[in-house]
Amino acid sequence: MALTVYNTLSRAKELFQPIEGNGVRMYVCGPTVYGHSHLGHAKSYVSFDVVARYLRFSRYAVLYVQNITDVGHLTDDADEGEDKIVKQSRADRVHPMQLAELYTQSYFEDMDALNNLRPDISPRATGHITEQIAIIEELIRKDLAYEVNGSVYFDVTKFPGYGKLSGRTVDELVAGARVEVNPDKRDPADFALWKRAEPGHIMRWPSPWGNGFPGWHIECSAMSMKYLGESFDIHGGGLENQFPHHDSEIAQSEGATGKLFAKYWLHNNMVTVDGRKMGKSLGNFVTLKDAFQRWRPEVIRFFILQSHYRSTLDFSAAAVDGAARGHEKLVNTIRNLRDRRRTAGAGEDPGIEIARYRASFIDAMDDDFNTPQAIAVLFDLARETNQRLDSGRDLSVTSLTALDTLFTELAGTVLGFTLEADGHHPEAESDPEGHLVDLLLGVRAEVRAQKLWALSDMIRDGLGRLGFVLEDKKEGTRWKRKS
RNA sequence: GGCGACGUACCCAAGUGGUAAGGGAGAGGUCUGCAAAACCUUUAUGCGCCGGUUCGAAUCCGGCCGUCGCCUCCA
């Protein structure tokens with residue numbers, strides 16, 4: 001089977017085929033940095049991280065660009081529209097660039113914690129004003145845009161396909177318009193490419209139309225085409241950005257170049273709370289920094305990947321707790337496997353069909369990145385692995401290593417899980433706390449040899465209260481930190 | 001009003017024509033001094049409701065009910 005992806009442009013799953021050879025050029029709409037990232041951001045960027053990881057696993061040469069929007073994201077398109085970063089920076093009494101810097105760093109911190117690989121390029125919108133102006137000039141030259149009072153608007157009536165991504169027509173847009181019509185616009189559906197800066201507006205750049213700042217949509221066109229070329233393979237982003245953002249990107253880019261902009265459009269669905277979208281408007285969002293207080297970042301990642309990227313994911317503490325237990329089961333399996341391998345010799349082969357599991361996993365991922373299905377394969381593999389480990393048979397170090405490699409490849413390389421227990425790593429023991437626990441366990445082993453169970457349980461309960469979980473095995477006692 | 005999704009067990013969640021994955025929780029059991037971990041058994045004659053097509057439908061078609069998203073900013 002080959003990789004198929006759901007393309008929003010055709011509203012169907014299509015066979016994935018890069019425009020040129022083996023290279024995949026991929027652009028994903030990054031965050032507007034005026035606040036800490038929340039679970040919704042995590043779903044989007046974990047999803048596309050897995051897309052990039054899986055493409056690389058499938059031997060494509062991926063160039064992944066994800067922008068940082070640090071200017072120009074208007075609260076609306078009317079003249080009252082305000083730059084969200086400017087607005088927040090005024091509230092916080094800091095320079096807009098200071099605010100953008102703070103939340104850019106916060107964003108990377110959170111994404112690193114989630115084990116998302118860094119994009120190959122993370123361009124900033126403010127660093128690409130020249131490129132944005134160039135596109136706007138080209139659009140004016142082609143009569144697809146017009147200047148009014150120092151602002152420039154895209155004329156949607158001149159671009160016949162406007163709305164093709166979201167399946168809208170200009171007529172429908174006008175009929176349902178909820179925004180007061182800006183008198184500068186020729187058509188109510190026209191959108192801003194460049195806005196005149198009012199006196200006192202800090203974020204401003206010189207342009208052929210006077211001092212101003214870029215509109216929201218143009219930065220993605222500028223940065224994607226600069227680094228990926230006029231036509232590239234994948235454009236990703238959140239579902240809610242289909243319109244107007246992505247339709248406008250298509251109009252600007254294809255209007256300027258006359259070429260296909262992006263071949264495949266991938267959109268991830270929303271995180272909901274009690275069935276309602278988690279977002280800034282409703283104020284019902286959970287920041288990642290808060291979530292990480294309660295759950296390990298890897299658990300959040302696991303929770304996200306247990307649903308499909310195109311499905312909504314309903315957040316509740318109970319649901320994440322459930323995911324945490326499932327995640328722990330996989331962690332325990334890896335631990336069981338590695339513990340056994342340390343003492344294994346030239347035993348027998350357990351007869352687990354590694355190739356079959358690998359193929360099932362790939363089938364799932366090939367089907368539009370079906371990570372819930374892929375994780376189900378991992379659970380099946382985990383059950384069979386534990387069965388063999390419990391069977392009492394003497395398993396060979398070779399076969400155990402092969403299983404470990406399989407887990408590391410599928411769960412680790414592709415899905416981005418380390419699946420390491422948070423605690424005892426006998427090979428690399430350098431933390432004093434660990435040595436103290438080991439010391440206590442040595443004492444407890446003596447106590448247990450004398451069958452002084454009350455004393456033994458006292459140590460176990462006491463360590464339990466301090467956050468250490470003990471497991472008495474035939475080979476000795478094992479411990480880990482509570483997750 | 002327009003456009004688009006979704007509704008699967010107590011919870012989360014796959015499954016787009018062939019007789020309901022996986023995880024959590026619950027119940028019972030094996031192992032254990034007891035736990036923990038792991039394993040085994042078990043938990044939806046049914047996939048919002050009503051019709052239709054078909055040998056066969058959670059999956060296709062029609063209607064209805066409900067929830068949500070987009071049409072202003074949001075991943």
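Letters A, B, ... mirror the listed sequences (proteins, then strands); counts begin at 1. Values below: all heavy atoms of this structure, side chains included; hydrogens, waters and symmetry mates excluded.
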Mate of B:rG51 where both pairing distances stay under 3.5 Å, Watson-Crick or G-U
B:rC61

Between [X] ([atom1]) and [N] ([atom2]), how many Å, whole number?
X        : N      : atom1 : atom2 : answer
A:Asn370 : B:rU16 : CG    : C1'   : 13 Å
A:Asn241 : B:rU72 : CG    : C1'   : 13 Å
A:Gln242 : B:rC68 : CD    : P     : 20 Å
A:Leu470 : B:rA36 : CG    : P     : 13 Å
A:Asp247 : B:rC70 : CG    : P     : 15 Å
A:Arg325 : B:rA37 : CZ    : P     : 6 Å
A:Arg168 : B:rG4  : CZ    : P     : 9 Å
A:Arg393 : B:rC39 : CZ    : C1'   : 15 Å

Expressed in whole Å, how much space separates the [atom1] atoms belonging to [N] and [M]?
N      : M      : atom1 : result
B:rG33 : B:rG15 : P     : 45 Å
B:rG26 : B:rA14 : P     : 23 Å
B:rU72 : B:rU67 : C1'   : 23 Å
B:rC60 : B:rG17 : P     : 8 Å
B:rG24 : B:rA20 : P     : 22 Å

With heavy atoms under 4.0 Å as the rule, sort [X] into base, sugar-phosphate or nothing.
X        : answer
A:Tyr45  : sugar-phosphate
A:Asp314 : sugar-phosphate
A:Asp380 : sugar-phosphate
A:Ser311 : sugar-phosphate

Any side-chain to backbone donor/acceptor pair from A:Ser248 onto A:Pro244? Under 3.5 Å, distance only.
yes

Can A:Trp453 be called stacked on B:rG33 when the rule is centres closer than 5.5 Å and an angle between planes below 30°?
yes

A:Ser456 side chain, from C-beta outward: closest of B:rG23, B:rG33, B:rA75:
B:rG33

B:rC12, B:rC71, B:rG22: which one has an atom nearest the side-chain heavy atoms of A:Phe243?
B:rC71

Quiz question: by atom type and distance under 3.5 Å, do the side chains of A:Asp368 and A:Thr4 form a donor-acceptor pair?
no

Looking at A:Phe261, A:Trp216, A:Tyr162, A:Trp265, which one forms a ring-ring contact (aromatic ring centres under 6.0 Å, His included) with A:His246?
A:Trp265

